[in-house]
Amino acid sequence: MELDCLFCKIVHRQLATPLIDEDDQVIVFNDIHPQAPIHLLIVPKIHIASLLELPKKSYLMTHLSQCAIQQAQKNGIDSKGFRLVINCGPEGGQTISHLHVHLMGGRPMLWPPG
Ligand code: 5GP
Ligand code: ZN
């Protein structure tokens, strides 16, 4: 755990955030500033600063996508379509330095995203 990491605090229940789902590797909760009717964050329990470090834990890549598909199915957006986003670094729009996958759906997504 990184002491000054917001998502580590949520993982370790030092910051009260209702969890939508949890397993041994990840937690899932609503984004505080949703950009779509459904906007979930899928967050590994271990601290990984960004996508750049994910290959060191390659098993997590599969698990994160499995979780995202499962949440899309639970929210009934799997057939209509949805978007997964991993922002990486400052120009990638990453604001929290703890790897997370955004799952967004419930409206048509625009492209390019801007
Ligand atoms: P990033 O910009 O790093 O890809 O995504 C970070 C996301 O975390 C943002 O979409 C932001 O709205 C969300 N976020 C930031 N602080 C909190 C918080 O305290 N609680 C929750 N639930 N989401 C947060
Ligand atoms: Zn962290």
Side-chain angles (χ1 to χ4, degrees):
M1 167 171 182
E2 291 278 319
L3 290 177
D4 58 353
C5 172
L6 183 75
F7 285 179
C8 280
K9 286 180 181 157
I10 293 176
V11 167
H12 293 279
R13 314 308 297 149
Q14 292 172 0
L15 196 67
T17 300
L19 297 188
I20 286 173
D21 219 332
E22 178 178 15
D23 66 19
D24 57 326
Q25 294 177 59
V26 302
I27 58 170
V28 181
F29 51 92
N30 281 308
D31 196 294
I32 205 167
H33 297 303
Q35 303 300 313
I38 295 159
H39 187 168
L40 307 182
L41 298 175
I42 302 163
V43 179
K45 288 185 171 177
I46 54 169
H47 180 87
I48 296 175
S50 83
L51 182 68
L52 297 176
E53 291 185 17
L54 189 54
K56 290 182 203 160
K57 307 274 181 196
S58 55
Y59 61 92
L60 260 179
M61 298 179 95
T62 309
H63 192 64
L64 288 167
S65 50
Q66 283 169 341
C67 289
I69 293 166
Q70 189 182 54
Q71 291 301 324
Q73 289 167 337
K74 281 186 179 171
N75 283 277
I77 55 171
D78 50 320
S79 57
K80 277 193 168 181
F82 56 91
R83 180 170 290 173
L84 302 184
V85 171
I86 299 177
N87 294 323
C88 183
E91 290 203 0
Q94 184 177 9
T95 57
I96 307 275
S97 296
H98 179 131
L99 177 72
H100 50 283
V101 177
H102 297 255
L103 166 64
M104 288 173 282
R107 67 166 172 82
M109 293 292 155
L110 303 176
W111 193 263

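This chain uses plain numbering: 1 for the first residue, then up along the sequence. Whatever order the structure lists them in is the order used to number ligands and atoms, beginning at 1.
- Side-chain contact between Gln71 and Ile20 is present, with at least one heavy-atom pair separated by less than 4.5 Å.
- Summarising the geometry, atom OG1 belonging to Thr17 is positioned 3.5 Å from atom CD1 belonging to Ile10; distances are rounded to the nearest 0.5 Å.
- Closest to atom 2 (O) of ligand 1, if we only count protein heavy atoms, is Thr95 OG1, 2.8 Å.
- In terms of heavy-atom proximity, Gln94 sits nearest to Ala49 at NE2-O, 3.0 Å.
- Of the options Asn30, Asp31, Val43, the smallest heavy-atom separation from atom 22 (N) of ligand 1 is shown by Asn30.
- Restricting His47 to its N/O/S atoms, the shortest distance to the Zn ion (ligand 2) is reached by ND1.
- By the 4.5 Å heavy-atom criterion applied to side chains, Arg13 and Leu19 are counted as neighbours.
- Leu103 CG to Cys67 SG: the interatomic distance, rounded to the nearest 0.5 Å, is 10.5 Å.
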List the atom pairs, donor and acceptor, that lie under 3.5 Å between side-chain atoms in residues 33-46 and the rest of the protein, sequence neighbours left out.
unit_1 : atom_1 : unit_2 : atom_2 : d
Gln35  : NE2    : His33  : O      : 2.9
His39  : ND1    : Gln35  : N      : 3.0
His39  : NE2    : Asp31  : OD2    : 3.4
His39  : NE2    : His102 : ND1    : 2.8
Lys45  : NZ     : Glu22  : OE2    : 2.9
Lys45  : NZ     : Asp23  : O      : 2.7

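- Within the 4.0 Å heavy-atom shell around ligand 1 one does not find Ile86.
- Of the N or O atoms in Ile32, one or more lie within a sub-3.5 Å distance of an N or O in ligand 1.
- Looking at Gly93 next to ligand 1, an N or O pair under 3.5 Å apart turns up.
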request  = Would you check, one step at a time, whether the test side chain to side chain contact (heavy atoms under 4.5 Å, CB included) holds for Tyr59 with Gln25?
outcome  = CA-CA 10 Å; Tyr59 61 92; Gln25 294 177 59; 3.4 Å; yes

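- Counting atoms of ligand 1 from 1 in the listed order, those under 4.0 Å from a heavy atom of Leu41 are 8 (O).
- The distance from ligand 1 to the heavy atoms of Phe7 drops below 4.0 Å at these ligand atoms: 8 (O).
- His98 has its closest N, O or S atom to the Zn ion (ligand 2) at the position named ND1.
- With a 4.5 Å cut-off on side-chain heavy atoms, His98 and Leu6 do not count as touching.
- Near Asn87, the atoms of ligand 1 lying under 4.0 angstrom from a non-hydrogen atom of the residue are 1 (P), 2 (O), 4 (O).
- Ligand 1 is approached by His102 to a heavy-atom distance shorter than 4.0 Å.
- A 4.5 Å side-chain heavy-atom check between Leu52 and Cys88 finds at least one atom pair inside the cut-off.
- In this structure, the protein non-hydrogen atom closest to atom 5 (O) of ligand 1 is His100 NE2, 2.8 Å.
- Of all protein heavy atoms, the one closest to atom 16 (N) of ligand 1 is Leu6 CD2, 3.3 Å.
- Within the 4.5 Å cutoff, side-chain heavy atoms of Phe7 are placed close to those of His100.
- For Phe29, no nitrogen or oxygen atom sits less than 3.5 Å from a nitrogen or oxygen atom of ligand 1, counting backbone and side chain alike.
- Annotation for ligand 1: atoms under 4.0 Å from non-hydrogen atoms of Gln94 are 3 (O).
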